[in-house]
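Heads up, the thing below is written out as structure tokens.
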Amino acid sequence: MIKITEKPIDIQKVIDTASSLGAGAVNVFIGTVRNNAHGKNVRWLEYEAYESMAVSEIRKIIDEASHRWPLLGWAVSHRVGTLKPGEVSVVVAVSAPHRQQSFEACQFVIDTIKAKAPIFKKEIFEDGEEWVSAHPVGVMLN
Amino acid sequence: MKCTIKAFGISKEIVGGKTIIIDLPDGNTALELKNHLFVKYPSLAKLNSVYVAVNNEYAEDGLILKEGDEIALIPPVSGG
């Protein structure tokens, strides 16, 4: 299951989808919205996705993970829209025969989603807003 | 050929809309499209990165664009 959704993520559903009777471990990563960035209070985040390509990139990442580790199940759900501090932005779950495999695969999947998937977030502060990673630190748009 | 370019994230704000239509010579590559856009929208060049995606895949600079391709501008990603 790869889901991009505006609704709050059903974490249990992600876990249940990834689970397998053959697995000794289900590893779950839950990404949450932090209330601070660069020493400032974050009021909220706005997430946007190029949905068709995000799904295809995530599928490729899962394929690669499935080649590198003996995954028995997996599921990814990423939220888009307006998210407040404390809310869940992304859930990745993988299951494998042994826990070491599940830890490694889960980390690989979320790290690679963050590096490659065409999903974008903007931080909204009291005094302005900023697209994360868009500019080198200190550069401002006119 | 007329190319419809989808824009996302900060690139959408820079080009002024979710999609823009530009005229490119036939046979232009992804790199030539980027250079065309950097001239038209100089703020794009200030970003940490700009990739072109064609038909939902990251495009190499030398990829030749064709009529009907789904083309998108991918600024720095920040999912998760």
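Side chains are part of it too, since the values below use all heavy atoms of this structure and drop only hydrogens, waters and symmetry mates. Proteins get letters first, then strands, A, B, ... in listed order; numbering begins at 1 in each.
- At a threshold of 4.5 Å between side-chain heavy atoms, the hydrophobic network of Ile, Leu, Val, Met, Phe, Trp and Tyr places A/F29 and A/V94 in one connected group.
- Here B/K12 pairs with A/E48 in a salt bridge; the nearest charged N to carboxylate O distance falls below 4.0 Å.
- Residues satisfying the side chain to side chain contact (heavy atoms under 4.5 Å, CB included) test with A/E104, not counting sequence neighbours, are A/W69, A/Q100.
- In this structure, no portion of A/A54 lies under 4.5 Å from any heavy atom of chain B.
- Interface residue A/S89: only side-chain heavy atoms are found under 4.5 Å from chain B.
- Proximity to chain A involves both the backbone and the side chain of B/Y58, based on heavy atoms less than 4.5 angstrom apart.
- At a cut-off of 3.5 Å, with distance as the only test, no side-chain donor of A/N36 or A/N41 sits close to an acceptor on the other residue.
- In this structure, chain B has heavy atoms under 4.5 Å from both the backbone and the side chain of A/Y50.
- Heavy atoms closer than 4.5 Å to chain B are found in the side chain of A/E57, but not in its backbone.
- Under a 4.0 Å N-O distance rule, the pair A/K60/A/E64 does not qualify as a salt bridge.
- Only the backbone of A/A117 has a heavy atom closer than 4.5 Å to any heavy atom of chain B.
- For the pair A/R79 and A/Y47, the cation does not sit on the ring face, since its NZ or CZ is not both under 6.0 Å from the ring centre and inside 45° of the axis.
- Of the two parts of A/S56, only the side chain, counted from C-beta on, holds a non-hydrogen atom closer than 4.5 Å to a non-hydrogen atom of chain B.
- Contact annotation for A/K122: only side-chain heavy atoms (C-beta onward) come within less than 4.5 Å of a heavy atom of chain B.
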